[in-house]
*Asks:* 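This is the structure, below, for whatever I ask next.
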2 protein chains.
Amino acid sequence: MQRRNEISIGTLANRTGLAVSAIRYYETQGLVAPERNAGGQRRFLRSDIRRLSFVMIAQKFGFTLDRIREVLGRLPQSRTPTAKDWTEISQDFRAELDEQIQALTRLRDKLDGCIGCGCLSLDRCALYNPDDVAADKGAGPRYLMGDQAVRPED
Amino acid sequence: MQRRNEISIGTLANRTGLAVSAIRYYETQGLVAPERNAGGQRRFLRSDIRRLSFVMIAQKFGFTLDRIREVLGRLPQSRTPTAKDWTEISQDFRAELDEQIQALTRLRDKLDGCIGCGCLSLDRCALYNPDDVAADKGAGPRYLMGDQAVRPED
DNA sequence: ATAATTCCTAAAGTTAACTTTAGCTCAAGC
DNA sequence: GCTTGAGCTAAAGTTAACTTTAGGAATTAT
């Protein structure tokens, strides 16, 4: 007894290509918020197909689920998102993507400079500066090619 | 009693900015292979500073340690790598990097097309094809935006 | 009215890349 | 020569993003 606009987790899995277990996990992460029917089973909206598809695309671009949840937060909660809503967040998304690609490109160009110099002189080595591309959240400073000039024999 | 060309794990940590525990972990992963002194302590070569710096840079570009180990495998094992050796593997590395950037760019351009169409017609939706950018090793098919045309009301 | 699916929860397992902890041993400085 | 800082090992913990397992309950198909 699936009402017109409600779909089961299995149907959603088929439509998106995601595993049922992944969808349940996404619910725990606040990426979808299905209702429940009388028997306690999840009932998703058809619009969740698009929602999860967006999640998959964003992941393909390397975004974390946390970040994706933030982005999805910009969709209207009161009504089913329209094509226009999706277009809007996709555009913001595109902007971030452009930045990522540029950061990666800059880093690559720096590597070019480094190939030439062999990094024997850190003062001139562009890779020395730990900027660009998502600063790792990891502990401590992560500078590259040493913290002092690497001597020729190193 | 550190011989001229040998350095302790602490020194290596200071020179690279890595944590001592990370260096030990890298050893278990076959990224460095230090010798041991009489007392059982690790003795690295000065050239390992550069080796680990390379590891850090490659990671910044998103390479996994497994992949990095493969790349490092192309260095000569019989002697200390020269600047020329490093230049060579950096160039191969750059080629892979270029591919990655291009794949990301292609995917971004496809997103552009998708923003316009609102993905109401999958036949025309470029994101449909799950090519480009490292196919996930995860289980099962991961197609995007559904496996059938997403109807307007979805 | 069953049998076969599908779904549910809770908990544990998985991979990558490390860190933390515990309990000891070396090595270096005064 | 002894105290303290560095190092050592083995095992367990951590985060992200899921999957797998176990044991039931709800649906759907026949």
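We name chains A, B, ... by the order of the sequence lines, and we start the count at 1 in each one. Being a predicted model, the structure only gives us computed values, none of them experimental. Excluded from the calculations below are hydrogen atoms, water molecules and symmetry mates; all remaining heavy atoms, backbone and side chain alike, are included.
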*Asks:* Rounding to an integer number of Å, can you tell me how far F44(A) CZ sits from dC7(C) P?
*Replies:*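 F44(A) atom CZ is separated from dC7(C) atom P by 10 Å.
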*Asks:* Can you name the side chain to side chain donor-acceptor pair (under 3.5 Å) partners of D85(B), sequence neighbours left out?
*Replies:*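 Once residues adjacent in sequence are excluded, the partners of D85(B) under the side chain to side chain donor-acceptor pair (under 3.5 Å) criterion are R79(B), T82(B).
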*Asks:* Using the side-chain hydrogen bond (donor to acceptor under 3.5 Å, both in side chains) rule, collect all pairs that involve residues 66-76 of chain A, keeping only residues at least two apart or in two chains.
*Replies:*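 Those involving residues 66-76 of chain A are D66(A)-R69(A), R67(A)-E70(A), R67(A)-E96(A), R74(A)-D92(A).
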*Asks:* Rounding to an integer number of Å, can you tell me how far I7(B) CD1 sits from dA27(C) P?
*Replies:*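 So the two atoms are 17 Å apart, to the nearest Å.
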*Asks:* How many Å lie between CD1 on I9(A) and P on dC18(D), as a whole number?
*Replies:*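 Whole-Å distance recorded here is 14 Å.
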*Asks:* Name the pairs: protein N/O against N/O of nucleotides 11-16 of chain D, kept only if under 3.5 Å.
*Replies:*
none

*Asks:* Kindly compute the distance separating CZ (R46(B)) from OG1 (T80(B)), expressed to the nearest 0.5 Å.
*Replies:*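 Result: 12.0 Å between the selected atoms.
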*Asks:* Report the distance from atom CZ of R69(A) to atom C1' of dA17(D), rounded to the nearest whole Å.
*Replies:*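 Result: 13 Å.
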*Asks:* Counting C-beta onward and ignoring hydrogens, is there a side-chain heavy-atom pair between R94(B) and R108(A) closer than 4.5 Å?
*Replies:*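 Yes, side chains in contact.
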*Asks:* Considering only side-chain heavy atoms of A22(B), which listed nucleotide, dC7(C), dC18(C), dC8(D), is closest?
*Replies:*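 Within the option list, the nearest is dC18(C).
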*Asks:* Please report the distance, rounded to the nearest Å, between CD in E27(A) and P in dC7(C).
*Replies:*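 Computing the E27(A):CD to dC7(C):P distance gives 14 Å.
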*Asks:* Show the nearest heavy-atom pair for residues F93(B) and A58(B), with the distance to one decimal.
*Replies:*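 Scanning both residues completely, I find the closest heavy atoms to be CZ-CA, 3.5 Å.
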*Asks:* Checking contacts here: which listed nucleotide (dA27(C), dC18(D), dT19(D)) is nearest the side-chain heavy atoms of N37(B)?
*Replies:*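 In terms of side-chain proximity for N37(B), the closest of dA27(C), dC18(D), dT19(D) is dA27(C).
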*Asks:* Just how far, in rounded Å, is P of dA10(C) from CZ of R24(A)?
*Replies:*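 These atoms are roughly 12 Å apart.
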*Asks:* How about E27(A) and R42(A): do any of their side-chain heavy atoms sit closer than 4.5 Å?
*Replies:*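 In contact.
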*Asks:* Which residue, G39(A) or V20(A), contacts DNA chain D at a nucleotide closer to its 5' end, judged by nearest heavy atom?
*Replies:*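 Mapping each residue to its closest nucleotide by heavy atoms, the 5'-most match is V20(A).
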*Asks:* Of the options dC8(D), dC8(C), dA17(D), whose atoms approach the side-chain atoms of Q41(A) most closely?
*Replies:*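 Looking only at side-chain atoms, Q41(A) lies closest to dC8(C).
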*Asks:* Between atom CD in E6(B) and atom P in dG7(D), what is the gap in whole Å?
*Replies:*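 The distance from CD of E6(B) to P of dG7(D) comes to 14 Å, rounded to the nearest Å.
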*Asks:* Rounded off to whole Å, could you give me the CZ-to-P distance for the R36(A) and dC8(C) pair?
*Replies:*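 Rounding to the nearest Å, CZ of R36(A) and P of dC8(C) are 6 Å apart.
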*Asks:* Would you indicate, yes or no, if dG7(D) has its OP1 or OP2 atom less than 4.0 angstrom from a side-chain nitrogen or oxygen of R42(B)?
*Replies:*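 Looking at the OP1 and OP2 atoms of dG7(D), neither is under 4.0 Å from any side-chain N or O of R42(B).
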*Asks:* Would you please confirm or rule out a distance under 4.0 Å between OP1 or OP2 of dG7(D) and any side-chain N or O of S8(B)?
*Replies:*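 Yes.
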*Asks:* Are S8(A) and T11(A) close enough that a side-chain donor and a side-chain acceptor fall under 3.5 Å?
*Replies:*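 Looking only at side-chain atoms, T11(A) and S8(A) do form a donor-acceptor pair, the distance falling under 3.5 Å.
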